[in-house]
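Before I ask anything, let me first share the structure, which is written out below as structure tokens.
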Amino acid sequence: MKFSFSNEQEQFRTMLRRFLSEKSPVSEVRRLMATEQGWERDAWARLNSDLGLSAVHIPEAYGGQGFGFVELCIVMEEMGRALLCGPYFSSVVLAANAILNAGSEDQKQTLLPSIAAGETVAALAFTEENGVWDSSGVTLTAKAQGDGYRLDGVKSFVLDGHTADLIVVLARKPGTSGDEGLSFFTVRGDAKGLERRLLKSVDATRKLALLKFNAVEADLLGEAGAAAAPFARTLDQAAVCLANEMVGGADHLRQSALDYVSMRMQFGRPISSFQAIKHKCADMLVDVELAKAAAYYAAETAAEEAADLPAIASLAKACASDAFIQTAKETIQLHGGIGFTWDNDTHLWYKRAKSSEVFLGSPKYHRELLMQRWNV
Amino acid sequence: MSEMTEESVRAEVRAWVEANWNPEMDLVQWRNILADSGWGMPAWPKEWYGKGLSAVLAKAADSEFHKTGAIGAASSGVRLLAASTLFDHGSDFLKKKFLRRIITGEDNWCQLFSEPGSGSDLAGAMTRADLKDGKYIINGQKVWTTSAHHAHYGLLLARTDWNVPKHQGLSYFVIRIDQPGVSVQPLRQMNGHASFNQVFFTDAVVEPDHLVGSLGEGWKVATTTLMHERRGAADGIATAGRRGTKRTGRAYDQERAEIAINNEPYTWYPQRAGRADLIIERAKATGKNSDPVVRQEMAKLLTMYNAAQWMVRRARAAQQMGRPQGPEGSLGKLIGSHVARASNSVHTLISEADAMLTADDSPMNGVIAEILVSTPAASIAGGTDEIQRNIISERVLGMPKEPVTGMDRPFKDVPKNTVSQLPNKS
Ligand SMILES: Cc1cc2nc3c(=O)[nH]c(=O)nc-3n(C[C@H](O)[C@H](O)[C@H](O)COP(=O)(O)OP(=O)(O)OC[C@H]3O[C@@H](n4cnc5c(N)ncnc54)[C@H](O)[C@@H]3O)c2cc1C
């Protein structure tokens, strides 16, 4: 199924697209992005009660719907298209996958059902102020104390970190480095000693937070010192999801550009009749379709838990980042002056493209990973 | 004149500033002295507040003047475009009325060309100027008008004759902004600034002696303005923006106030050009200068950036040697867009995760973030990249023009955009 969706999956997409265009029109995106939280419990709850979106890929044993990564990626693509303001990527993609990959059976039973129901919003805190995406950048320490742990250090770029109820934190045993000594912990959002601050971000639809841990009591998630592998896997899965989200955004922009040039007249004719414009639109389609092919292939690779997931994840992330940003620039260009205004919606997706370009690692970083993962 | 060298010009500038500059002077008073001396605008003709120097010598004079730390002639916004246009096509009456106040900074200017229905196709302007009782009565709407909210005067392209083909029915005026028939409404941009505006005209009045060039010659005059603008945009590849100094003195205080208010719409202009000048500094500050991939991208950008400046210098030198300056300004403008886009990418590459942040959370207190959301304007403002490519291919390379319709008909009979085609999507 790497090369086509099933009829059921196509129906799911159609239904979801209609649902999101009703529940999350751009006016709603603009309203929510202007708030400090970036999302609202009510709207979020409706998303989950009506369609169970947070539960899509979580196994039934943990309160989920038990679909796979392909369905999760369909959700991502449609959310990227609608620019949905909700803690989906943070809670369902990053945190839930970290729990699925690292947690004990008991912990999954305890933590996942409320995430799947959308009642608990979780975030994954892994990057620090150094902006390093992999585990080599982790300096936040976890010290054993009594039968628990205490966390000290700073996490940054934490998606929805300022609003999450539950935070999954990647920390290391003092004195260790690289993949050694890494463990996941869970911390309540309102834990004592945890200071959270919203960071000002270019893309207001993607809220990032700075979290300062000062001897914060934390529960170990999974096995002590063994988080490196599940974390790496979580990142690969997240890259696949992000690639699909970007493809949705890019496709939306491409279509909006086409719509605009078809109606805009200059020199007594529609600007779409100029060859320069036609070629641009054709190139945009090539970019977006290539990125789609890569993102869909990666989704299926993740669904199959195939061995080449790490390589394919990086390939798809780099490809989709480039396509999204290129499409965004061209969409502004094709709109002319109005494309540079606040009232025109293009910049919302342009800014999402800018943030997605570097979120989870730049295309340059992922291209290097791809070469390493292919043992080049 | 033939004896003048860069050295002698520099020496003359130094001596003159030494003898005349006093930072405690009133700014306008000082700039009036400058206007009388010719050193504020050394490239302008002697009879009009200049020294009549060649482009190269004038540049030497300007750079020497800048070194003295004395305040120069006002130069922000489109005031110099207004001056160039008046030199090319304006009557002596208009030159006398405006040139001095352009130098002193007493008047600010804006460019009233683009309309909702005509941007790239400027000659499709629908704003009308009708002669009634000896005055031109203006009705219509302009858009994307930078700095209209600070402007005293505007360069207006309007239609005076609907019964001739579109390029022939246009005329060019200087219009006073502060009058009951003109209403200015700011438009917010994607980078958060609101430096451009919509301008509405309802029976606004222009005196007939404020016509620039002849009646019906508006397109020719506007083309001059655009050529100067594009050349300026090319020159601007290298400018890092004017900032107020910390020096003390009444004139400096007044200049700081001028920069804070009149120049406010332009604070992000250096960022829109991409700030390639910051690349090396940023790479060193982040340690990315040791990453071979980043180094390659930096080198590519800086090669283009430097070559672009040399190209502009070559054009200026050619002009100095008496060769006509043509539409090669379009080359520089197009390359400026390439530099802006590439700078955006390289700044992103260097800043990585920090590229997601803005304002005081972001590198250089928001400058980097402002680059990321401002460079898209470079390839639109002052004529889009596509239009520059058309100009380069058709006017520089002499390639055949795209077939156009309606040139044989009165403009009133040509199909046009309606104003309502400016969509407000949200
Ligand atoms: C920051 C900023 C400041 C500005 N300041 C001013 C100002 O002070 N005064 C003023 O008058 N204007 C100003 N403008 C307006 C600017 O000049 C116009 O936006 C620009 O010329 C494009 O016109 P438009 O917006 O109508 O786009 P359109 O002309 O509608 O263009 C839309 C798209 O179609 C393309 N296109 C159009 N015709 C052709 C063709 N023949 N072949 C191929 N492609 C084509 C364009 O390249 C563009 O990609 C400003 C714009 C910006 C962004």
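Letters A, B, ... are given to chains in the order of the sequence lines, protein chains preceding strands, and every chain is numbered from 1.
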Inset, instruction - Report the residues that fulfil side chain to side chain donor-acceptor pair (under 3.5 Å) with A:Ser272, sequence neighbours left out, ordered by chain and then residue number. - result: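 Result, side chain to side chain donor-acceptor pair (under 3.5 Å) vs A:Ser272: none returned.
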
Legend entry - Interchain contact, B:Ile387 with chain A, by part (heavy-atom threshold 4.5 Å):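 Interface part for B:Ile387: side chain.
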
Legend entry - Region of A:Phe359 that comes under 4.5 Å of a non-hydrogen atom in chain B: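 Interface part for A:Phe359: both.
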
Inset, instruction - For chain A, find which of B:Pro376, B:Ser351, B:Ala369 contributes the most heavy-atom pairs closer than 4.5 angstrom. - result: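 The candidate making the most pairs under 4.5 Å is B:Pro376.
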
Legend entry - Heavy-atom pairs under 4.5 Å with chain A, option from B:Gly124, B:Ala377, B:Ala355 with the top count: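 With the most close heavy-atom pairs to chain A, the winner is B:Ala377.
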
Legend entry - Salt-bridge contact A:Lys200-B:Asp360 (side-chain N to carboxylate O under 4.0 Å):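 Salt bridge present between A:Lys200 and B:Asp360.
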
Legend entry - B:Gln141 side-chain N/O to B:Phe200 backbone N/O, donor-acceptor pair under 3.5 Å: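 No.
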
Inset, instruction - Pick one of side chain, backbone, both or neither for A:Leu208, based on which atoms fall under 4.5 Å of a heavy atom in chain B. - result: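 Side chain of A:Leu208 only, per the 4.5 Å heavy-atom cut-off to chain B.
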
Legend entry - Interchain contact, A:Ser355 with chain B, by part (heavy-atom threshold 4.5 Å):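 For A:Ser355, the contact with chain B is made by backbone and side chain together.
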
Inset, instruction - Please work out which of the three classes, parallel, tilted or perpendicular, describes the rings of B:His167 and B:Trp219, given edges at 30° and 60°. - result: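 Aromatic pair B:Trp219/B:His167 classed perpendicular.
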
Inset, instruction - Verify whether one side chain among B:Glu386 and A:Gln333 offers a donor that lies under 3.5 Å from an acceptor in the other. - result: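 Distance-only check passes for B:Glu386 and A:Gln333.
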
Inset, instruction - Would you mind checking which part of A:Lys354 comes under 4.5 Å of any heavy atom in chain B, side chain (CB onward), backbone (N, CA, C, O), both or neither? - result: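 Just its side chain gets close to chain B.
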
Legend entry - chain B contact via A:Arg269 - side chain, backbone, both or neither, heavy atoms under 4.5 Å: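 It is the side chain, since no backbone atom gets that close.
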
Legend entry - chain A contact via B:Leu357 - which portion, at a heavy-atom distance below 4.5 Å: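 B:Leu357 touches chain A through backbone and side-chain heavy atoms alike.
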
Inset, instruction - Specify which of B:Glu297, B:Arg341, B:Arg389 makes the most heavy-atom pairs with chain A at under 4.5 Å. - result: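 With the most close heavy-atom pairs to chain A, the winner is B:Arg341.
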
Inset, instruction - Mark yes or no: A:Arg264 above the aromatic ring of A:Tyr260, with NZ or CZ under 6.0 Å from the six-membered ring centre and no more than 45 degrees from the axis. - result: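 Output no; distance or angle outside limits.
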
Inset, instruction - Would you indicate whether the side-chain heavy atoms of B:Gln189 and B:Phe196 approach each other to under 4.5 Å? - result: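 Yes, close enough: below the 4.5 Å cut-off.
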
Inset, instruction - Pick whichever of B:Asn191, B:Val294, B:Asp291, B:Leu187 has the most heavy-atom pairs under 4.5 Å with chain A. - result: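 Among B:Asn191, B:Val294, B:Asp291, B:Leu187, the one with the most close pairs to chain A is B:Asp291.
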
Inset, instruction - Under 4.5 Å, counting heavy-atom pairs only, tell me which of B:Asp354, B:Thr384, B:Thr375 racks up the most with chain A. - result: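 Counting heavy-atom pairs under 4.5 Å, the top option is B:Asp354.
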
Legend entry - Side chain / backbone / both / neither for B:Val414 at chain A, heavy atoms under 4.5 Å: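 For B:Val414, no heavy atom lies under 4.5 Å from chain A.
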
Inset, instruction - Under 4.5 Å heavy-atom distance to chain B, tell me which part of A:Arg352 shows up: side chain, backbone, both or neither. - result: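 Interface part for A:Arg352: neither.
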
Legend entry - Under 3.5 Å side-chain donor-acceptor pair for A:Ser356 and A:Arg206: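 Yes, because at least one side-chain N or O of A:Ser356 sits under 3.5 Å from a partner of the opposite role on A:Arg206.
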
Legend entry - Toward chain B, the part of A:Phe157 with a non-hydrogen atom under 4.5 Å: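 Just its side chain gets close to chain B.
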
Inset, instruction - Heavy atoms only, distances under 4.5 angstrom: which of B:Leu349, B:Thr348, B:Val293, B:Asn390 has the most pairs with chain A? Name it, please. - result: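 Ranked by contacts with chain A, first place is B:Thr348.
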
Inset, instruction - Say whether A:Thr331 and A:Trp349, considering side chains only, have a donor N or O and an acceptor N or O under 3.5 Å apart. - result: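 Side-chain D/A pair, A:Thr331 to A:Trp349: absent.
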
Legend entry - Under 4.5 Å from a heavy atom of chain A, the part of B:Asn344 involved: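 Both backbone and side chain.
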
Legend entry - Toward chain A, the part of B:Glu352 with a non-hydrogen atom under 4.5 Å: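 B:Glu352 touches chain A through backbone and side-chain heavy atoms alike.
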
Legend entry - Residues A:Thr127 and A:Trp133: side-chain donor-acceptor under 3.5 angstrom: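 No, because no side-chain N or O of A:Thr127 sits under 3.5 Å from a partner of the opposite role on A:Trp133.
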
Inset, instruction - Using distance alone, with no hydrogens and no angle criterion, decide if A:Asp134 and A:Ser136 have a side-chain donor and acceptor under 3.5 Å apart. - result: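 Yes, side-chain donor-acceptor contact under 3.5 Å.
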
